[in-house]
Amino acid sequence: MSDGIHRKFLETLGWEGQELEEFLPDWINAARFMQLTDGDVRRAVEEWIPAYWNISLAGVRKSVAACIREAADVAKMGRYLQEGKKVLYSTMPSSPVCITANKLAGEGKLHISYPYFVVTSVLGAFFNKDTDELFSGSCMDPHCHHCGMNCMRADSVLSGLIPKPTVTWNWGLQCNESPKTDEMIFSLGNTEWDNVLTTMPHDAPLGDSEADDDERVEYLKEEIRVSQEQVTQHTGIEVREEHLRAAVTEYMGYLRRMERLTDLVMNADPQPLTGNELALMGICMESAFNTGLGYLNDAIDTAITEVEELIRQGKGVLPKGAPKLACHFNPLNVPWIEKTFRDNGVNLTLGRMFPPASFLMRRIDESDIYTSTARMCLSVPNTVSMLDEARMVTEQLQMYTVDGVLYGFFSFDRWIGALEKAMIRVVEEKTSIPHFYLESDFWNSGRYSPEDRFSMIRSICNCLKISGIAVGK
């Protein structure tokens with residue numbers, strides 16, 4: 001590999017001087033690990049990233065750079081294992097505080113990673129690379145509506161691209177395909193696969209607030225505690241309550257920054273950041289970085305300062321009065337979708353349907369951190385029953401002024417996809433905000449093209465514009 005274009009790639013994202021020279025070998029190693037060619041990196045620098053990410057803003061550049069740092073760290077997991085260190089993988093979505101607590105307890109002897117989530121996101125968002133183009137062999141075909149991230153997971157493990165960790169902590173609260181993927185890996189690979197699973201049945205009565213159901217919270221609390229004990233059996237790293245408490249404190253600091261930034265963006269007209277950029281900065285809401293939250297926190301702090309200045313100047317990504325379409329989870333891995341909406345005069349916004357820090361803070365009891373963690377898990381949409389999720393989404397939509405809500409990027413998902421189709425009727429009735437469904441794939445742009453989505457996107461945009469005229473907006 002020629003280091004010229006890789007050097008330019010890092011310079012584009014803000015690296016310079018000694019820091020660039022020190023990181024360059026790690027990035028080249030990561031590029032090889034993700035099977036990126038010099039041509040792929042050149043296209044990213046010259047075409048893809050400038051087209052879909054506003055890197056004139058330092059906060060956006062730093063956010064992309066934080067993800068690149070984590071991808072470079074993922075590429076080092078094999079080296080960590082060779083050095084005799086323990087490696088804990090986890091799957092997205094998860095309870096990130098539980099994973100971070102293990103890293104804090106390990107004090108350098110244990111590394112954490114969400115390799116499948118990070119690699120899939122980096123390849124899609126910044127390089128326009130579909131993982132099914134690069135990895136195959138597991139018999140899981142995303143065109144058969146399997147999760148693209150789990151397809152990549154099975155393919156990369158069976159091919160040996162991503163090394164087997166000390167243990168994987170799997171979370172089945174929102175997705176049961178992840179543990180099923182592990183079963184398939186074991187069956188096809190015929191190798192031992194140390195795995196800990198945290199899950200619970202989705203059998204709460206419709207309409208109940210699950211985070212306020214003490215019996216249900218106690219059940220999940222014990223699930224998490226027992227799972228941690230099993231992880232410790234594999235790693236030898238004791239995780240005490242003080243470690244979990246420190247992880248929660250660190251996580252809430254990150255979420256408070258995200259809440260501040262989201263409030264600024266959502267209440268501004270014109271809108272100063274795209275929904276994809278908000279989603280990018282919220283990438284650790286349900287995952288954790290081995291490189292820590294420091295780089296992301298700095299990116300968000302920088303973005304807050306820049307957004308405040310953009311608001312003062314009255315500048316935005318679209319003119320004042322442009323319709324805002326809230327997303328369940330902005331499709332940052334397929335960024336041309338957001339740009340197609342923007343090119344048709346509509347902002348995708350909100351970034352994530354995720355409870356704000358000020359709400360989650362009410363769930364925390366420092367004297368019982370495991371119970372607090374369980375309540376936080378049950379305060380997140382998708383973890384709970386349809387009507388409980390509908391209540392949470394309704395509350396978030398009532399916090400901000402939006403012209404519509406967009407779903408459909410998880411149409412392949414047996415849990416989220418099914419909930420979305422039924423739930424939107426409930427939320428639309430409660431809020432009187434029009435809801436739209438655009439069938440697509442959050443992980444994999446290869447299944448859909450701009451051409452076959454364009455007419456649907458244009459129709460949604462025209463609906464929003466006509467509605468705005470009707471109400472005199």
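The residues of the chain are indexed from 1 along the displayed sequence. This one's a predicted model, so the numbers in the text were calculated from it and none came from an experiment.
- Of the charged side-chain nitrogens involved, none lies within less than 4.0 Å of a carboxylate oxygen, so that R79 and E83 do not count as a salt-bridged pair.
- Expressed to the nearest 0.5 Å, how far SG of C284 lies from CD of E70 amounts to 7.0 Å.
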Walk me through it: do T37 and D40 pass the test side-chain hydrogen bond (donor to acceptor under 3.5 Å, both in side chains)? CA-CA 5 Å; T37 67; D40 293 329; 3.2 Å; yes
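- Heavy-atom contacts from other residues, nucleotides or ligands closer than 6.0 Å to OH of Y295 number 12 or fewer.
- Partner of V231 under the side-chain contact (heavy atoms from CB on, under 4.5 Å) criterion, out of L110, I99, N102: N102 alone.
- To the nearest 0.5 Å, atom CG of residue N347 and atom CE of residue M266 are 9.5 Å apart.
- Residue K109 places its NZ atom among 12 or fewer non-hydrogen atoms of other residues, nucleotides or ligands, all under 6.0 Å distant.
- Between F436 and C463, some side-chain heavy-atom pair lies under the 4.5 Å cut-off.
- Looking only at side-chain heavy atoms (C-beta outward), I55 and T12 come within less than 4.5 Å of each other.
- In this structure a side-chain-to-backbone donor-acceptor pair under 3.5 Å is missing from T235 to K86.
- Annotation: the span from M77 atom CE to I162 atom CD1 amounts to 10.5 Å, rounded to 0.5 Å.
- Here W27 and F9 bring their ring centres to under 6.0 angstrom of each other.
- The environment of NZ in K430 is sparse: at most 12 heavy-atom neighbours from other residues, nucleotides or ligands sit within 6.0 Å.
- Put simply, the side chain of Y251 gets close to the backbone of M285: a donor and an acceptor are under 3.5 Å apart.
- The OG1 atom of T305 sits 11.5 Å away from the CG atom of L57 when rounded to the nearest 0.5 Å.
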Check the pair M392, V384 against side-chain contact (heavy atoms from CB on, under 4.5 Å), reporting the backbone distance first and the verdict last. CA-CA 10 Å; M392 295 179 191; V384 295; 3.8 Å; yes
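- Residues T262 and Y400 have side chains that never bring a donor and an acceptor to within less than 3.5 angstrom of each other.
- Between the N128 side chain and the G124 main chain, no donor and acceptor come within less than 3.5 Å of each other.
- Counting only distance, with no hydrogens or angles, the side chain of T166 and the backbone of V87 share a donor-acceptor pair below 3.5 Å.
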Give the C-alpha distance, both sets of side-chain angles, the deciding distance and a yes or no for salt bridge (charged side-chain N to carboxylate O under 4.0 Å, His left out) between R43 and E47. CA-CA 5 Å; R43 280 189 293 275; E47 300 173 21; 5.9 Å; no
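- A distance of 11.5 Å separates CZ of R375 from OG1 of T373, quoted to the nearest 0.5 Å.
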Start with the C-alpha gap between T431 and Q398, add the side-chain angles, then the distance that decides, and say whether side-chain hydrogen bond (donor to acceptor under 3.5 Å, both in side chains) holds. CA-CA 7 Å; T431 62; Q398 290 172 339; over 6 Å; no
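- Distance alone, capped at 3.5 Å, places no donor-acceptor pair between the R61 side chain and the G14 backbone.
- S287 contributes a side-chain N or O that, together with a main-chain N or O of I283, makes up a donor-acceptor pair within less than 3.5 Å.
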Full working for side-chain contact (heavy atoms from CB on, under 4.5 Å) between Y89 and V167: CA-CA 6 Å; Y89 287 172; V167 62; over 6 Å; no
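- At distances below 3.5 Å, at least one donor-acceptor pair connects side-chain atoms of W53 with backbone N or O atoms of A125.
- Rounded to the nearest 0.5 angstrom, S372 OG and M361 CE are separated by 10.0 Å.
- The aromatic rings of W169 and W171 sit parallel to each other, their planes meeting at less than 30°, with 60° as the upper class boundary.
- With contacts defined as side-chain heavy-atom distances shorter than 4.5 Å, the pair P270/K315 does not qualify.
- For the pair R69 and F23, the distance from NZ or CZ to the six-membered ring centre is under 6.0 Å and the angle to the ring normal is within 45 degrees.
- By the 4.5 Å heavy-atom criterion applied to side chains, V248 and M252 are counted as neighbours.
- Comment: K62 does not engage E306 in a salt bridge, judged by the lack of any side-chain N to carboxylate O separation of less than 4.0 angstrom.
- Using modelled atom types, no side-chain atom of D73 and backbone atom of T291 make a donor-acceptor pair closer than 3.5 Å.
- A distance-only check finds a donor-acceptor pair linking the side chain of R257 to the backbone of G253 [under 3.5 Å].
- A salt bridge links R312 to E309: at least one charged side-chain nitrogen sits closer than 4.0 Å to a carboxylate oxygen.
- With a 4.5 Å cut-off on side-chain heavy atoms, M34 and V122 count as touching.
- Without hydrogens or angle criteria, N290 side chain to S113 main chain gives no donor-acceptor distance under 3.5 Å.
- Other residues, nucleotides and ligands contribute more than 12 heavy atoms inside 6.0 Å of the CZ atom of R7.
- A salt bridge links D388 and R391; the closest N-O separation between the charged side-chain nitrogens and carboxylate oxygens is under 4.0 Å.
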Using the side-chain contact (heavy atoms from CB on, under 4.5 Å) rule, take N54 and E277 through it: C-alpha gap first, then chi angles, then the decisive distance, then the call. CA-CA 8 Å; N54 185 7; E277 288 157 358; 3.3 Å; yes
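- In E16, the CD atom is not crowded: 12 or fewer heavy atoms of neighbouring residues, nucleotides or ligands sit closer than 6.0 Å.
- Counting heavy atoms from C-beta on, the side chains of V402 and L325 never come closer than 4.5 Å.
- Two residues are said to be in side-chain contact when any heavy atoms from C-beta on lie closer than 4.5 Å; I224 and C98 meet this criterion.
- By the side-chain contact (heavy atoms from CB on, under 4.5 Å) test, S459 pairs with no residue at all, sequence neighbours left out.
- Among residues two or more places apart in sequence or in another chain, the salt bridge (charged side-chain N to carboxylate O under 4.0 Å, His left out) test is passed with E210 by R216.
- Salt bridge present: R42 and E46 bring a charged side-chain N and a carboxylate O closer than 4.0 Å.
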Report the C-alpha separation of L220 and C377 in whole Å, then their side-chain angles, then the decisive distance to 0.1 Å, and conclude whether the side-chain contact (heavy atoms from CB on, under 4.5 Å) test is met. CA-CA 9 Å; L220 181 55; C377 288; 3.8 Å; yes
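- Put simply, the side chain of V265 reaches to within 4.5 Å of the side chain of L261, judged on heavy atoms.
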